K.L.:
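Mind looking over this structure? Questions follow.
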Amino acid sequence: MLKINNLHAVVGEAQSQILNGISLEVPAGEVHAIMGPNGSGKSTLSYVLTGRDGYEVTEGTVELGGENLLEMEAEERAAKGLFLSFQYPLEIPGVPTMTFLKTALNAQRKARGEEEMGAPEFLKKARALAKELKIKPEMLKRPLNVGFSGGEKKRMEIFQMMMLEPSFIVMDETDSGLDVDALRIVADGVNSLRSPDRGFLIITHYQRLLDYIVPDQVHVLSAGKIAASGDADLAKTLEKEGYDKYAA
Amino acid sequence: MTNEVKVKDSIDASTVEGVRSLEADKYKYGFDSDIEQEFAPKGLNEDIVRFISAKKEEPEWLLEWRLEAYRRWLTLEEPTWAMVDYPEIDFQDMYYYASPVKKEGPKSLDEVDPEILEIYNKLGISLKEQEVLAGVEGAPKVAVDAVFDSVSVVTTFKDELAKHGVIFCSFSEAVKDHPELVRKYMGSVVPVTDNYYATLNNAVFSDGSFVYIPPGVRCPMELSTYFRMNAQGTGQFERTLIIADKGSYVSYLEGCTAPMRDENQLHAAIVEIIVHDDAEVKYSTVQNWWPGDSEGNGGVYNFVTKRADCRGKNSKVSWTQVETGSAVTWKYPSCILRGDDSQGEFYSIAITNGHQQADTGTKMIHLGKNTKSRVISKGISAGKSNSTYRGLVSAHRKATGARNFTQCDSLLIGNDCGAHTVPYIESDTPTAQFEHEATTSKLSDDQLFYCRQRGLSEEDAVALLVNGFCREVLQELPMEFAVEAQKLVAISLEGSVG
Ligand SMILES: Nc1ncnc2c1ncn2[C@@H]1O[C@H](COP(=O)(O)OP(=O)(O)OP(=O)(O)O)[C@@H](O)[C@H]1O
Ligand SMILES: [Mg+2]
């Protein structure tokens with residue numbers, strides 16, 4: 001469902017070349033993991049996919065569900081069902097979490113030509129989900145991410161993901177900063193969303209997460225390129241041996 | 001009865017006098033003295049002042065009031081210290097009573113600037129109301145029709161107020177029907193010679209609102225200028241007087257979120273509020289003057305003097321304002337905290353975009369013991385606009401235990417706009433505690449992208465983030481007003497990014 005072909009991208013004012021020809025395909029129903037050393041371009045890939053300003057594609061193509069993703073604005077990609085769980089979720093002062101999410105959900109629905117979700121249905125869904133993810137209801141009234149702990153922010157990303165029910169999910173180090181219990185909650189959430197028509201790209205540094213969310217494939221990103229691909233066992237090897245072998 | 005006769009006499013006297021003096025100047029000004037005439041010529045002189053007073057059938061004392069103000073005004077200099085920059089106003093090139101050449105209004109909505117119609121649509125204003133607001137010829141002239149489409153609403157509303165003894169009428173009606181209240185309180189908060197624009201207002205004010213809440217009465221509804229009959233034509237020199245007697249409460253709403261078409265560039269209003277023992281007044285304003293064209297031409301200059309006098313013990317006043325629109329805003333709603341334990345609050349959102357300029361803030365004058373004040377100001381600047389917060393907090397020698405908290409936040413959108421904070425703090429008592437916090441931030445690309453990744457368009461994202469930034473102030477507005485204000489915030493910032 002996600003097809004990345006020979007993707008090159010430059011970043012920032014200086015137009016630094018960060019992605020150097022990534023090719024990758026995630027069929028519907030599969031979970032792929034991306035691992036790789038710091039600075040290898042993992043977050044950059046996630047931003048290029050989601051259409052962040054300042055990240056310019058110089059070569060290559062990306063398709064989601066057969067459509068050219070690169071021609072769409074960030075919000076159009078979101079409405080198409082692309083979701084990014086941020087490595088560093090942003091604080092949104094003064095905007096209660098529920099307000100933020102309801103606005104986002106209905107903006108997406110509107111863009112897809114669907115009817116908006118009314119407040120009662122939204123509340124019901126949110127309450128049930130908060131319970132499942134062990135998020136305190138008071139937290140949903142607080143401004144989004146403001147003063148949340150690192151782990152709470154990550155958990156809130158998963159909450160948003162599950163509320164929005166996207167069709168393709170990119171998770172950028174969602175496991176970093178989570179305690180053991182939270183890790184399991186997050187993994188359970190992801191696993192509950194696994195379905196034949198949904199794809200995942202999971203960026204992580206740790207094999208631990210992949211014990212809970214078993215990937216169909218693992219890719220090693222090094223210096224802006226896929227240096228190796230393999231099955232779930234590749235992650236275990238990387239954990240033991242590190243990335244020396246793939247150094248650019 | 002005798003009172004009424006007297007008033008009538010003095011009207012006649014002033015009319016006669018007015019006409020006489022007009023005759024004398026007939027040649028000089030080429031100005032027909034026919035009192036039936038609906039307008040006065042351009043410019044300002046004593047005859048024009050007399051003409052206005054005569055047309056309004058005012059008592060002698062009020063004519064004298066106006067003349068004295070006019071004479072003082074001549075001796076004053078226009079202030080130049082506000083951080084706003086506008087072409088010099090030629091006071092002799094303006095009409096002070098109606099205008100002989102009414103600019104032709106549009107014949108139908110088809111002739112109205114599509115951008116403005118778009119704004120009306122976004123605010124959810126009905127077609128009929130749109131016609132009124134856009135000044136379409138033949139549209140109803142009374143604002144109340146526009147908003148509620150029914151005069152019966154007003155009638156029921158007036159009955160309800162009367163039952164509680166609340167007086168809510170136009171300033172002119174109050175001059176006629178409640179002269180003792182008007183004479184007692186008018187000018188007691190904003191002295192005639194307070195400042196250049198206020199003095200001008202005293203000389204030529206057109207009309208405005210009058211509110212009196214009797215002792216112990218909690219006004220049963222929010223009073224809105226929407227509701228007031230004859231709201232039309234109060235025009236550029238508006239005058240509002242609100243009196244909350246002992247232990248009473250009122251919430252007063254001024255303005256309208258829809259941009260009002262207005263032929264007058266200069267607006268110099270006066271609002272005076274008197275709060276007696278244990279009484280409370282909440283005054284909320286949402287102002288969205290006609291913004292002028294995209295270059296800022298034709299926009300309104302808004303120079304208004306608003307002041308509340310917490311005269312009684314334990315009295316309280318709070319100003320909440322959402323300012324967008326005018327080309328130039330110069331505005332400092334103030335509180336005089338005279339009564340012991342009295343409290344003043346000021347919550348403000350000022351949004352400037354395009355070429356707009358705003359110089360706004362508050363003055364908290366602590367005179368009584370243990371008086372408290374709180375100031376929350378949110379300034380948002382976009383485009384090439386400039387906004388300045390100018391706040392004065394002062395404590396008199398006797399204001400022992402006075403306390404103030406000021407929080408002043410500025411948000412910049414883009415690189416070409418500016419925000420300035422100018423706090424003035426004066427204290428003559430060592431026991432006063434004044435705190436001032438100020439922050440300036442830029443709307444961050446990271447936050448914008450985060451919102452867009454969740455599906456919000458860039459404009460919706462800006463609106464959401466800015467409304468979040470303003471939340472503490474929006475919360476102070478009455479419910480319906482808050483919802484409208486949020487929409488207004490979004491609309492004012494359209495096109496400010498990207
Ligand atoms: N705006 C920018 N201008 C120049 N270089 C940038 C910019 N943003 C990122 N980079 C560089 O791009 C490279 C890839 O960064 P990226 O954040 O994608 O790495 P990562 O693989 O996600 O690393 P980590 O594992 O630490 O999260 C880094 O060397 C980083 O310094
Ligand atoms: Mg990263």
Side-chain angles (χ1 to χ4, degrees), chain A residues 12 46-47 49-55 72-97 99-112 114 116 142-146 153 156-157 159-161 163-166 169-170 172, chain B residues 122 322 347-349 351 376-380 407 409-415 437 439-477 482-483 485-487 489-490 493 496-498:
Chain A
S46 76
Y47 292 146
L49 291 177
T50 47
R52 183 171 183 163
D53 286 341
Y55 289 71
M72 297 178 210
E73 293 289 344
E75 58 270 28
E76 294 175 282
R77 301 182 199 200
K80 277 266 165 295
L82 182 62
F83 180 92
L84 171 62
S85 167
F86 282 64
Q87 181 173 4
Y88 304 108
L90 275 297
E91 300 189 354
I92 310 292
V95 182
T97 302
T99 307
F100 178 86
L101 218 77
K102 186 156 175 284
T103 312
L105 179 68
N106 283 329
Q108 289 196 17
R109 287 183 159 226
K110 210 172 145 198
R112 291 194 291 259
E114 297 167 12
E116 293 194 1
R142 281 167 59 184
L144 180 59
N145 291 333
V146 178
K153 286 181 184 172
M156 198 53 83
E157 292 290 287
F159 178 74
Q160 293 183 50
M161 174 182 89
M163 285 297 291
L164 294 170
E165 299 181 338
I169 292 149
V170 181
D172 191 359
Chain B
K122 284 182 182 152
V322 179
Y347 301 99
S348 165
I349 298 172
I351 301 177
I376 310 281
S377 161
K378 304 279 180 175
I380 300 113
Q407 185 187 322
D409 300 321
S410 309
L411 183 68
L412 304 178
I413 304 177
N415 295 318
E437 287 176 11
T439 67
T440 300
S441 48
K442 271 197 72 170
L443 196 69
S444 98
D445 291 343
D446 292 341
Q447 286 173 324
L448 271 179
F449 173 64
Y450 188 75
C451 295
R452 292 179 72 191
Q453 205 303 303
R454 296 301 186 249
L456 297 177
S457 68
E458 190 156 36
E459 273 174 356
D460 289 349
V462 171
L464 188 81
L465 292 170
V466 172
N467 273 311
F469 173 75
C470 300
R471 184 155 176 252
E472 285 161 281
V473 175
L474 289 170
Q475 279 175 336
E476 294 297 326
L477 287 170
V483 173
Q486 282 188 27
K487 285 195 217 165
V489 165
L493 289 168
S496 58
V497 284

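These numbers were taken from a predicted model, which means no experiment stands behind them. Numbers restart at 1 for each chain; the letters A, B, ... are given by sequence-line order, proteins then strands.
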K.L.:
Where does Cys451(B) contact chain A at under 4.5 Å (heavy atoms): side chain, backbone, both or neither?
P.N.:
both
K.L.:
Determine whether Asp53(A) and Asp445(B) satisfy the following criterion, side chain to side chain contact (heavy atoms under 4.5 Å, CB included), listing intermediate values before the conclusion.
P.N.:
CA-CA 8 Å; Asp53(A) 286 341; Asp445(B) 291 343; over 6 Å; no
K.L.:
Is there side-chain contact between Asn467(B) and Val95(A), with at least one heavy-atom pair below 4.5 Å?
P.N.:
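Heavy-atom side-chain distance check fails, nothing below 4.5 Å.
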K.L.:
Tell me, for Gln160(A) versus chain B, whether the close heavy atoms (under 4.5 Å) come from the side chain, the backbone, both or neither.
P.N.:
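Side chain only.
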K.L.:
What is the distance from atom CG of Leu164(A) to atom CD of Gln453(B), rounded to the nearest 0.5 Å?
P.N.:
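It comes to 9.0 Å.
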K.L.:
Please identify each residue that fulfils salt bridge (Lys or Arg N to Asp or Glu O under 4.0 Å) with Asp460(B), with sequence neighbours left out.
P.N.:
none
K.L.:
Quick check: closest heavy atoms across Gly455(B) and Ala107(A), and the distance to 0.1 Å?
P.N.:
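Looks like O-CB, 3.4 Å.
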K.L.:
Hey, could you give me the CG/CD1 distance between Leu464(B) and Ile92(A), rounded to the nearest 0.5 Å?
P.N.:
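These two atoms lie 7.5 Å from each other.
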K.L.:
Do any N or O atoms from the side chain of Glu458(B) and from the backbone of Glu75(A) form a donor-acceptor pair under 3.5 angstrom?
P.N.:
no
K.L.:
Could you list the residues that satisfy side chain to side chain donor-acceptor pair (under 3.5 Å) with Asp446(B), not counting sequence neighbours?
P.N.:
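Applying side chain to side chain donor-acceptor pair (under 3.5 Å) to Asp446(B) gives Arg52(A).
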K.L.:
Taking Gly94(A), Gly51(A), Gly54(A) one by one, which has the highest count of heavy-atom pairs under 4.5 Å against chain B?
P.N.:
Gly94(A)
K.L.:
Measure distances from Arg452(B) to the heavy atoms of chain A and classify the residue's part below 4.5 Å as side chain, backbone, both or neither.
P.N.:
both
K.L.:
Would Glu157(A) and Arg454(B) pass as an ion pair if we require N to O under 4.0 Å?
P.N.:
yes
K.L.:
Evaluate the criterion ring-ring contact (aromatic ring centres under 6.0 Å, His included) for residue pair Phe86(A) and Phe449(B); output intermediate values, then yes/no.
P.N.:
CA-CA 11 Å; Phe86(A) 282 64; Phe449(B) 173 64; 5.7 Å; yes
K.L.:
Roughly how far, to the nearest 0.5 Å, is the OH atom of Tyr450(B) from the OG1 atom of Thr50(A)?
P.N.:
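OH of Tyr450(B) is found 12.5 Å from OG1 of Thr50(A).
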K.L.:
Below 4.5 Å from any heavy atom of chain B, which atoms of Pro89(A) appear? Answer side chain, backbone, both or neither.
P.N.:
both
K.L.:
Heavy-atom cut-off 4.5 Å, strictly under: side chain, backbone, both or neither for Leu144(A) against chain B?
P.N.:
side chain
